[in-house]
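Down below is the structure, laid out as structure tokens.
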Amino acid sequence: MSASQSNPARGLATRLTHAGRTPEDFHGFVNPPVVHASTVLFPDSKTMLTGAQPFHYARRGNPTTNALEDAVTEIEGAAGARLAPSGLAAISLALLSCLSSGDHVLITDSAYGPTRNLAETTLRRLGIDVDYYDPTIGAGIAALFKPNTKAVMTEAPGSLTFEMQDIPAIAEVAHAAGALVLMDNTWATACFFRAIEHGVDLSIQAGTKYLVGHSDAMLGTVAASPRALDGLIETYGALGLHVGPDDVFLGLRGLRTMDVRLRHHMASGLEIARWLQTRPEVARVRHPALPEDPGHAIWKRDFTGACGLFAFDFTDSVSLEQSHAFLDALKLFGLGYSWGGFESLAIPVRLKGARTATPLPEGGPGIRLHIGLEDVADIRADLEAGFAALKG
């Protein structure tokens with residue numbers, strides 16, 4: 001990374017535009033080359049045996065992957081970063097980089113479902129003790145620490161119920177106990193929440209979502225604080241993880257417009273969320289950027305923005321079957337499990353089996369929405385058609 005591109009005093013949009021780009025290294029071309037490679041040749045045996053050249057084997061990096069890792073490192077304010085083939089692979093990499101057999105990990109009860117599945121299968125099989133905690137516990141998490149607690153896995157807001165967490169308070173407790181703090185920061189990204197600056201040691205993003213931004217690639221990123229970097233690098237190399245250069249290129253392409261896209265998602269999402277609050281069929285909108293949300297104070301203190309993902313609960317008078325009719329009536333909203341792309345998406349919120357440390361929220365069926373880049377008037381009209389379907 002050139003010195004001109006790594007100036008932390010520059011604005012977010014400027015850094016997103018220039019991070020990870022060194023045209024002077026590639027004959028002046030604006031974008032890094034997409035390098036398709038496996039074997040790297042050495043000029044002589046001495047260079048080969050001493051490793052005295054930047055690249056040794058493509059699995060451990062090439063100019064394309066290095067460009068995105070450098071950019072993520074800069075945007076996150078991290079000591080270093082590594083890429084993974086998906087968001088779940090990034091979560092797995094981060095957890096395995098700091099946990100061993102006999103260790104104990106605390107995981108938020110509002111975690112992304114596949115994170116819980118990873119914990120209940122692979123981590124337990126490896127002899128790692130797992131407990132879940134109330135996402136609103138804050139500094140009270142100290143009571144849950146054991147002598148062998150090595151990591152705390154946070155996520156703010158939660159994937160389906162959108163509780164906020166007091167990350168600085170949790171980090172203070174964890175670091176005092178010698179544990180690392182991990183965070184799934186896919187919702188806000190480093191654009192709206194600087195996880196490393198707030199005490200997180202391993203900041204994880206499903207780059208599939210807002211980093212790529214166009215629903216056409218799978219990608220994960222892990223950015224590390226200085227105390228977590230060595231473990232991340234070692235585990236990344238040991239697992240043989242590598243992301244194909246075409247997917248990395250799509251991540252680099254998406255990176256350049258993240259600020260513009262995220263701000264559009266935020267504005268449209270908040271407009272729709274406020275409108276949903278006026279609907280008689282809606283009991284609650286789960287969006288931490290709304291002043292009425294229980295987590296709003298933490299969001300306002302620590303975050304600089306919000307994305308287009310949130311949820312709402314129907315009133316008790318709406319049946320599960322009616323909520324399905326609502327979804328089936330939508331035309332602009334696709335029914336799909338991902339989010340972060342240009343298109344609006346919706347899914348039913350299904351919490352059965354998803355909570356063990358905290359009770360399931362009361363109320364009617366829930367719907368999670370991702371508000372895309374369509375015109376807000378059209379998005380609202382589509383949702384109105386969904387509400388009309390409730391009446392049969």
Side-chain angles (χ1 to χ4, degrees), residues 12 16 68-69 71-72 75-76 81-94 110-115 118 153-162 182-195 200 202-223 243-244 246-270 272 286-289 303-311 333-347 349 368-374:
L12 173 63
L16 286 168
L68 185 53
E69 287 177 350
V72 169
I75 301 306
E76 293 267 10
R82 289 294 182 267
L83 308 180
S86 68
L88 179 58
I91 291 168
S92 303
L93 168 62
S110 57
Y112 174 54
T115 300
L118 170 72
M153 180 72 201
T154 70
E155 180 179 327
S159 291
L160 295 174
T161 46
F162 293 89
L182 296 76
M183 181 180 181
D184 184 336
N185 194 30
T186 304
W187 186 86
T189 80
C191 296
F192 290 154
F193 182 68
R194 301 274 286 178
V200 172
L202 291 162
S203 176
I204 305 158
Q205 289 187 54
T208 306
K209 298 349 189 233
Y210 287 115
L211 179 61
V212 169
H214 294 77
S215 302
D216 53 7
M218 302 289 287
L219 186 68
T221 68
V222 185
V243 183
D246 294 306
D247 287 346
V248 176
F249 162 76
L250 293 173
L252 283 164
R253 179 201 61 182
L255 181 80
R256 308 307 173 195
T257 61
M258 270 187 80
D259 184 59
V260 176
R261 289 185 288 104
L262 276 166
R263 293 185 188 282
H264 192 103
H265 286 295
M266 174 173 65
S268 297
L270 278 169
I272 293 297
R286 298 176 181 274
H287 193 316
F303 287 60
T304 59
C307 70
L309 190 78
F310 64 93
F333 281 83
L335 304 184
Y337 285 109
S338 192
W339 45 277
F342 53 83
E343 77 281 28
S344 291
L345 296 170
I347 64 169
V349 173
R368 190 184 75 180
L369 299 176
H370 175 254
I371 305 303
L373 301 180
E374 303 94 340

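What you see below is based on every heavy atom in this structure, not just the backbone, and it leaves out hydrogens, waters and symmetry mates.
For V222 against A94, the heavy-atom pair with the smallest separation is CG1-CB, 4.1 Å. Residue S92 comes nearest to L118 through the heavy atom pair OG-CD2, 3.6 Å, listed as atom of the first residue, atom of the second, then distance. Across every non-hydrogen atom of G340 and R261, the tightest pair is O-NH1, 4.3 Å. Considering all non-hydrogen atoms of both residues, Y210 and G308 come closest at OH-N, 3.1 Å. Counting all heavy atoms, side chain and backbone alike, V72 lies closest to A223 at CG1-CB, 4.4 Å. Residue R368 comes nearest to W339 through the heavy atom pair NH2-CD1, 3.2 Å, listed as atom of the first residue, atom of the second, then distance.
The side-chain heavy atoms of T189 and M258, taken from C-beta on, include a pair separated by under 4.5 Å. Here the side chains of L262 and C307 are in contact, with some heavy-atom distance below 4.5 Å. For the pair T221/L211, a side-chain contact is recorded, criterion being any heavy-atom separation below 4.5 Å from C-beta on. Annotation: side chain of V200 is not in contact with side chain of N185 (no heavy-atom distance under 4.5 Å). Side-chain contact between L182 and T154: absent, with no pair of heavy atoms (C-beta onward) separated by less than 4.5 Å. Put simply, the side chain of L369 reaches to within 4.5 Å of the side chain of F310, judged on heavy atoms. I347 has its side chain within reach of Y337: a pair of non-hydrogen atoms, C-beta onward, lies under 4.5 Å apart. Residues E69 and L83 meet the side-chain proximity criterion, which asks for heavy atoms closer than 4.5 Å.
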Go through the steps for E343 and S215 under the test side chain to side chain donor-acceptor pair (under 3.5 Å), then give the verdict. CA-CA 8 Å; E343 77 281 28; S215 302; 2.9 Å; yes
Before giving the answer on side-chain contact (heavy atoms from CB on, under 4.5 Å), spell out for F193 and W187 the whole-Å C-alpha distance, their side-chain angles and the decisive distance to 0.1 Å. CA-CA 9 Å; F193 182 68; W187 186 86; over 6 Å; no
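The line from CG of L68 to CG of L219 is 6.0 Å long, rounded to the nearest 0.5 Å. Interatomic distance, L309 CG to M266 CE, rounded to the nearest 0.5 Å: 14.5 Å. Rounded to the nearest 0.5 angstrom, H264 NE2 and T257 OG1 are separated by 12.5 Å. Taking CD1 from I371 and OG from S268, the interatomic distance works out to 8.0 Å, rounded to the nearest 0.5 Å.
A donor-acceptor pair is defined here as one N or O able to donate and one able to accept, closer than 3.5 Å; no such pair exists between the side chain of H370 and the backbone of S344. With hydrogens and angles disregarded, a donor-acceptor distance shorter than 3.5 Å links the side chain of T186 to the backbone of A206. A donor-acceptor pair is defined here as one N or O able to donate and one able to accept, closer than 3.5 Å; no such pair exists between the side chain of E155 and the backbone of M183. Side chain of T208 to backbone of S86: no donor-acceptor contact under 3.5 angstrom is found. In this structure, the side chain of S159 does not engage the main chain of A111 through any donor-acceptor pair within 3.5 Å.
Salt-bridge annotation for E76 and R194: absent, with no side-chain N of the basic residue lying under 4.0 Å from a carboxylate O of the acidic one.
Residues that satisfy the side chain to side chain contact (heavy atoms under 4.5 Å, CB included) test with D216, not counting sequence neighbours, are V212, H214, L250, R253. Residues satisfying the salt bridge (Lys or Arg N to Asp or Glu O under 4.0 Å) criterion with D259, sequence neighbours excluded, are R263. T115 is linked by a side-chain hydrogen bond (donor to acceptor under 3.5 Å, both in side chains) to nothing, counting only residues two or more places apart in sequence or in another chain.
Taking the ring centroids of F303 and F192, they lie at or beyond the 6.0 Å cut-off.
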